[in-house]
Amino acid sequence: MVILPYFTSYTEVIKLCRAKPVLIEKNNGKITKEELENKKTDKTKLIMICSPNNPDGHVIDEDEFKAIKDFAIKNNVFILSDEIYENIIFDDNKNKSFASDEELFKKGLVITINGMSKAFSMTGWRVGYVHARDEIIKNIKVAKGHISSNTSSISQYAALEALKGFRENIEIFENNTEEFKKRRDVLVSILKDDKNISLKSPSGSFYAFIDISKILNRKYKDRTIKSDLDICEILLKDFNLSITPGLAFGDGNFVRLSFAADIKKIEKAANIIKEFSEKIV
């Protein structure tokens, strides 16, 4: 099971494992036990969660956490929890790791994946890690050993120092998150009143998932916009702005914009999108 919208690789990784991805839609922006139960089959093995989410920045709340937990325990289904953005959360939102739940932990139903690329800005170091029960880790090692080489010792030592530094200098990461929040607020403030697009303020991560459904089947100059791909192509060719089509994340009614850039670039990008929107007829 994969929650919509999802990081683009999730469904493809599932297919590579010769399994079938089943997409779970939110109800009024929330994951519900009813939707999980409705999509369940006798072959359901795992539910993939990313919170804060890429691409829409959604952070799972207590009701959603309980719904997922109860579903997993009742049906003996694993939770694969991608927590790569766990330290980039805004406002009063809280992110709870599924592995921190005693009942789930004792049953061994949680597989936690994380890495150094996002909160620690160590993208090029290529370090990720996983926590799960022993037999799962053993099988991961078997597969991993035939897919890619081991992470270099230099990268591993750098990752350990980064994690140590996080505990000792948490204010640095809090300042980084506050900077991301400023960028988010600038983006949202520029686009919030646009009549052709809508944007729910992200609760975490550094992505904005922009609803462009009102633009579809309308015209920009002499071109009918038929898809999110058309919008991305126009913005790239006519405005020199690169964004990602929502179809890559399971929903072609959206486009994704990263705000992991300085505020001036965020302002410029937002104003370009607004300028483009104003030219839609």
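Being a predicted model, the structure only gives us computed values, none of them experimental. All values below were derived from every heavy atom in this structure, side-chain atoms included, with hydrogens, water molecules and symmetry-related copies excluded. Starting from 1, each residue takes its place in the sequence as its number.
For Thr32 and Asn27, the side-chain atoms include no donor-acceptor pair closer than 3.5 Å. Side-chain N/O atoms of Asp82 and Tyr10 include a donor and acceptor closer than 3.5 Å. In this structure, a donor-acceptor pair under 3.5 Å is absent between the side chains of His131 and Glu83. Defined by atom type and a distance below 3.5 Å, a donor-acceptor pair is missing between the side-chain atoms of Asn217 and Lys226. Of the N and O atoms on the side chains of Ser213 and Asp211, at least one donor lies less than 3.5 Å from an acceptor on the other residue. Side-chain contact, Ser205 with Asn54: no donor N or O sits under 3.5 Å from an acceptor N or O.
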- Message: Could you walk me through whether Leu46 and Ile79 satisfy the side chain to side chain contact (heavy atoms under 4.5 Å, CB included) test, starting with their C-alpha distance in whole Å, then the side-chain angles of each, then the deciding distance to 0.1 Å, before giving a yes or no?
- Response: CA-CA 6 Å; Leu46 178 145; Ile79 300 170; over 6 Å; no
- Task: Please assess Glu267 against Lys264 for the test salt bridge (Lys or Arg N to Asp or Glu O under 4.0 Å), listing each intermediate value before the final yes or no.
- Result: CA-CA 5 Å; Glu267 288 177 341; Lys264 288 185 178 180; over 6 Å; no
- Message: Test salt bridge (Lys or Arg N to Asp or Glu O under 4.0 Å) on Glu37 and Lys74; report intermediate values, then the result.
- Response: CA-CA 10 Å; Glu37 291 288 351; Lys74 176 185 175 183; 3.5 Å; yes
- Task: Go through the steps for Arg133 and Glu135 under the test salt bridge (Lys or Arg N to Asp or Glu O under 4.0 Å), then give the verdict.
- Result: CA-CA 6 Å; Arg133 63 196 200 195; Glu135 63 267 32; 2.8 Å; yes
- Task: Begin from the C-alpha positions of Glu278 and Lys274 and carry the test salt bridge (Lys or Arg N to Asp or Glu O under 4.0 Å) through to its verdict.
- Result: CA-CA 6 Å; Glu278 290 171 351; Lys274 192 170 183 179; 5.2 Å; no
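With ring centers used as reference points, Phe98 lies under 6.0 Å from Phe65. Between Phe180 and Phe206, the distance separating the two ring centers is shorter than 6.0 angstrom.
Annotation for Ile137 and Ala132: closest pair CG1-O, 3.6 Å, computed over non-hydrogen atoms. Nearest heavy-atom pair across Asp56 and Pro5 is OD2-CD, 3.5 Å. Residue Leu216 comes nearest to Gly252 through the heavy atom pair CD1-O, 4.2 Å, listed as atom of the first residue, atom of the second, then distance. A pairwise comparison of heavy atoms in Val188 and Ser201 identifies CG2-OG, 4.0 Å as the closest pair. Closest non-hydrogen pair, Ile231 versus Phe276, comes out as CG2-CE2, 3.9 Å. Across every non-hydrogen atom of Pro21 and Thr11, the tightest pair is CB-CG2, 3.9 Å.
Residue Tyr129 is not grouped with residue Ile136 when hydrophobic side chains (ILVMFWY) are merged at heavy-atom distances under 4.5 angstrom, including chains of intermediate members. A chain of hydrophobic side-chain contacts below 4.5 Å, direct or via other Ile, Leu, Val, Met, Phe, Trp or Tyr residues, connects Leu109 to Ile3. Ile140 and Met116 are assigned to two separate hydrophobic clusters, defined by single-linkage of ILVMFWY side chains at heavy-atom distances under 4.5 Å. Linking ILVMFWY residues whenever their side-chain heavy atoms come closer than 4.5 Å, directly or via other members, places Phe166 and Val127 in the same cluster. Under the 4.5 Å side-chain contact rule for hydrophobic residues, Leu236 and Ile273 do not share a cluster.
At least one test fails for Lys279 against the ring of Tyr220: distance under 6.0 Å to the centre or angle within 45° of the axis.
For the side chain to side chain donor-acceptor pair (under 3.5 Å) test with His58, the passing option among Lys26, Glu64, Lys30 is Glu64; the others fail.
Using cut-offs of 30° and 60° on the angle between ring planes, the pair Tyr85 and Tyr207 is perpendicular. In this pair, Phe209 and Phe254 present their aromatic rings parallel. The plane angle is below 30°, not in the 30 to 60° band.
Ile68 has its side chain within reach of Ile49: a pair of non-hydrogen atoms, C-beta onward, lies under 4.5 Å apart.
From Arg218, atom CZ reaches atom CD1 of Ile280 across 6.5 Å, with rounding to the nearest 0.5 Å.
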